[in-house]
> 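What follows is a structure written as structure tokens; I'll ask about it next.
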Amino acid sequence: MATDPGAFFRTMLGEWEKLAGSVGGDMLKTDGWSQAMNGAQNAQLEAQAAMKGMSERALAAANLPSRTEFADLSARIGRIEATLERIEGHLSGAVPVVSERPKPTRGRKPPLEQAS
């Protein structure tokens, strides 16, 4: 019978995976690990905020708009286009003219006329 030359390697790899899983699982359960991961995440967020600030300052120095300013402009243009479409619809007669402001309600009723 022929022996499998990879059997020893597969067995050793399986044992190594079990050992790494055990050690890694125990390490992930410690408070130190969670504190280290929390610190790393905080550092990453701070680095992202610093990069955003640096890029905004660089864009301002070059007199170029930032991503936020582009988004604001895009929203403003969208509102202007919607207003123009509404006005064009009213002018063409395709859209019935509807007052956007509600009429005030009468708070008082007129006095009742007396029968003579």
> Check side chain to side chain contact (heavy atoms under 4.5 Å, CB included) between Ser22 and all other residues, then give those that pass, not counting sequence neighbours.
Asp26
> Taking salt bridge (Lys or Arg N to Asp or Glu O under 4.0 Å) as the test, write out the residues that go with Lys18, two or more places apart.
Glu15
> Cut-off 3.5 Å, no hydrogens considered: what does the side-chain donor-acceptor table look like for residues 32-42, sequence neighbours left out?
from	atom 1	to	atom 2	distance (Å)
Ser34	OG	Asp31	O	2.9
Asn42	ND2	Asn38	O	3.4

> Of all residues at least two apart in sequence or in a different chain, which pass the side chain to side chain donor-acceptor pair (under 3.5 Å) check with Arg76?
none
> Which ILVMFWY residues are connected to Met54, directly or by a chain of links, through side-chain heavy atoms under 4.5 Å apart?
Met51
> For Ser66, check side chain to side chain contact (heavy atoms under 4.5 Å, CB included) against everything at least two apart and list the hits.
Glu56, Leu59, Thr68, Glu69
> Using the salt bridge (Lys or Arg N to Asp or Glu O under 4.0 Å) criterion, which residues pair with Arg79? Sequence neighbours excluded.
none
> How does the hydrophobic cluster around Leu84 look, that is, which other residues are in it when side-chain heavy atoms under 4.5 Å mark a link?
Ile80
> Who else is in the cluster with Phe70 when I, L, V, M, F, W and Y are joined by side-chain contacts under 4.5 Å?
none
> Just to verify, what does Ala7 make a side chain to side chain contact (heavy atoms under 4.5 Å, CB included) with, not counting sequence neighbours?
Asp4, Arg10
> Nearest 0.5 Å, what's the CZ-OG1 distance between Phe8 and Thr11?
8.0 Å
> Using a 4.5 Å cut-off on heavy atoms from C-beta on, say whether the side chain of Thr83 contacts that of Arg86.
yes
